[in-house]
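Report on the following structure.
Side-chain atoms are counted along with the backbone in the values below, which use heavy atoms only and exclude waters and symmetry mates. Within every chain, numbering begins at 1; the chains are lettered A, B, ... in the order of the sequence lines, protein sequences first and strands thereafter.
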Protein chains: 2
Amino acid sequence: MGGTGKAPKYQKVFDALQREIQSGRVKAGDRLPSEAELERTFGASRITVGRAVRDLQLAGLVERRAGSGSYVKARNVSEALSFGLLIPDLGETEIFEPICQGMMASPPARQLALLWSPARRP
Amino acid sequence: MGGTGKAPKYQKVFDALQREIQSGRVKAGDRLPSEAELERTFGASRITVGRAVRDLQLAGLVERRAGSGSYVKARNVSEALSFGLLIPDLGETEIFEPICQGMMASPPARQLALLWSPARRP
DNA sequence: GAACATTTGTACGTATGTATT
DNA sequence: AAATACATACGTACAAATGTT
């Protein structure tokens, strides 16, 4: 019933950090714990932690700076929205869920997505 | 001049496979060489090859099936386009470039993207 | 500026598990 | 059952960028 009971470890780390960010407990601009710290916190290796943090980066939730750390990005849609993108046939939707959640904060975006969603074979 | 001269190895593998796919030399449904073969071809480790192929998967260019192999996905936008997505403030645009290229094949998508692009602070 | 510690980036080797053939 | 191929995960090493002393 746990939900994340059987999930791979990198995904548990990803989910945990994502919750920290989206719950607002770590705010935009805050630095995440170093990957060495995350290793100890989650009992995971560098590879596992690194993959989780990289996935957060790909999702646009954090920014990694070599020599400095990983920082939570500003997700204020009103300020950050720079362009629209149409993605054909995503295979790995997992990473894009956080993006969708951020997107939902923008009513115009939701409207546009709904407009486009049923369009097929244009 | 080289272009890919100083790029990391995983990116060279990614680029090489991407060219194979988008040039049409490997068609939709074709199976890529196994990762063990790619290791030999590029003189790279499993981790490096795996990252390149996973990035291709995240970009929606290939599908990985455990026990079987990695297959080139159908990128016919007319058939594959399932929904639109608006991505605020991408940090790692590299992976999304192949998606954009596929998107450009659809005139309605291009029109919609242009419509939305200049919209800020909705 | 220089030296040093910290932190992320890339890369290798290896082991084990799971799915497919 | 067995071989193949991807999936996850560990440990390690060195490079590059950054921050501090």
Side-chain angles (χ1 to χ4, degrees), chain A residues 2-18 20-21 26 29-73 90-95, chain B residues 2-17 20-21 26 29-73 91-95:
Chain A
T4 56
K6 211 181 62 69
K9 194 179 282 191
Y10 75 88
Q11 193 177 326
K12 291 182 182 176
V13 177
F14 178 95
D15 289 343
L17 294 174
Q18 184 190 351
E20 290 289 306
I21 293 171
V26 291
D30 286 357
R31 213 201 74 171
L32 291 183
S34 74
E35 298 185 1
E37 281 183 272
L38 294 176
E39 291 177 41
R40 289 189 291 272
T41 301
F42 292 98
S45 70
R46 177 84 196 281
I47 286 194
T48 301
V49 168
R51 172 164 176 177
V53 178
R54 180 169 187 263
D55 285 353
L56 289 171
Q57 180 186 27
L58 292 173
L61 290 179
V62 307
E63 175 189 357
R64 300 171 90 186
R65 284 204 291 265
S68 179
S70 297
Y71 299 84
V72 177
K73 293 188 68 173
L90 286 179
E92 187 96 346
T93 58
E94 186 181 306
I95 297 243
Chain B
T4 56
K6 212 181 62 66
K9 195 179 281 192
Y10 75 88
Q11 194 176 327
K12 292 182 182 177
V13 177
F14 177 95
D15 290 343
L17 294 174
E20 290 288 306
I21 293 171
V26 293
D30 286 357
R31 212 201 74 172
L32 291 184
S34 74
E35 298 186 1
E37 280 183 272
L38 293 176
E39 291 177 40
R40 289 189 291 272
T41 302
F42 293 99
S45 71
R46 179 80 199 283
I47 285 194
T48 301
V49 168
R51 172 164 177 178
V53 178
R54 183 169 124 90
D55 284 353
L56 288 171
Q57 180 186 26
L58 292 174
L61 290 179
V62 308
E63 176 188 358
R64 298 172 92 185
R65 285 204 290 265
S68 179
S70 297
Y71 298 85
V72 177
K73 292 187 69 172
E92 187 97 346
T93 58
E94 185 181 307
I95 298 243

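- Nucleotide D/dA7 holds its P atom 10 Å from the CD atom of B/Glu63, rounded to whole Å.
- Between the CZ atom of A/Arg54 and the C1' atom of D/dA9 there is a distance of 17 Å, rounded to whole Å.
- Taken to the nearest 0.5 Å, the CG atom of A/Asp55 stands 7.0 Å off from the OH atom of A/Tyr10.
- Judged purely by atom type and a 3.5 angstrom limit, B/Lys9 uses its side chain to pair as donor or acceptor with the backbone of B/Gly43.
- Summary of the strand contacts: A/Ala44 and A/Ala66 both lie near DNA chain D, and taking for each the nucleotide with the nearest heavy atom, the more 5' one is attributed to A/Ala44.
- Among C/dC12, C/dT7, D/dA9, the nucleotide with an atom closest to any side-chain atom of A/Ser34 is C/dT7.
- The pairing partner recorded for D/dA1 is none, the criterion being a Watson-Crick or G-U wobble arrangement whose two distances lie under 3.5 angstrom.
- For the pair B/Glu37 CD and D/dA3 C1', the interatomic distance rounds to 15 Å; values are reported in whole Å.
- Under the side-chain contact (heavy atoms from CB on, under 4.5 Å) criterion, B/Glu20 pairs with B/Arg25, B/Val26, sequence neighbours left out.
- Atom CD1 of A/Ile47 and atom P of C/dT7 are 19 Å apart (whole Å).
- If you measure from atom CD of B/Gln57 to atom C1' of D/dC6, you get 10 Å, rounded to the nearest angstrom.
- Along DNA chain D, the nucleotide nearest B/Ser70 and the nucleotide nearest A/Ser68 are compared for position; the residue whose nucleotide lies closer to the 5' end is B/Ser70.
- For the pair A/Gln11 CD and D/dT8 P, the interatomic distance rounds to 9 Å; values are reported in whole Å.
- Looking at heavy-atom distances under 4.0 Å, A/Arg46 makes contact with a base.
- Nearest to the side-chain atoms of A/Ser45 among the listed nucleotides C/dA11, C/dT8, D/dG11 stands D/dG11.
- Interatomic distance, B/Gln11 CD to B/Arg51 CZ, rounded to the nearest 0.5 Å: 9.0 Å.
- Distance, B/Glu35 CD to D/dA5 P: 10 Å, rounded to whole Å.
- Checking the phosphate oxygens (OP1, OP2) of C/dG9, no side-chain nitrogen or oxygen of B/Lys9 falls inside 4.0 Å.
- Between A/Arg65 and C/dT7 there is no side-chain polar atom (N or O) within less than 4.0 angstrom of OP1 or OP2.
- Under 4.0 angstrom from either OP1 or OP2 of D/dC10 there lies at least one side-chain N or O belonging to A/Thr48.
- Phosphate contact (OP1/OP2 of C/dT10, side-chain N/O of B/Arg51, threshold under 4.0 Å): present.
- When rounded to the nearest whole Å, the span between NZ of B/Lys12 and C1' of C/dT10 equals 12 Å.
- Rounding to the nearest 0.5 Å gives a distance of 8.0 Å between CD of B/Gln57 and CD of B/Glu63.
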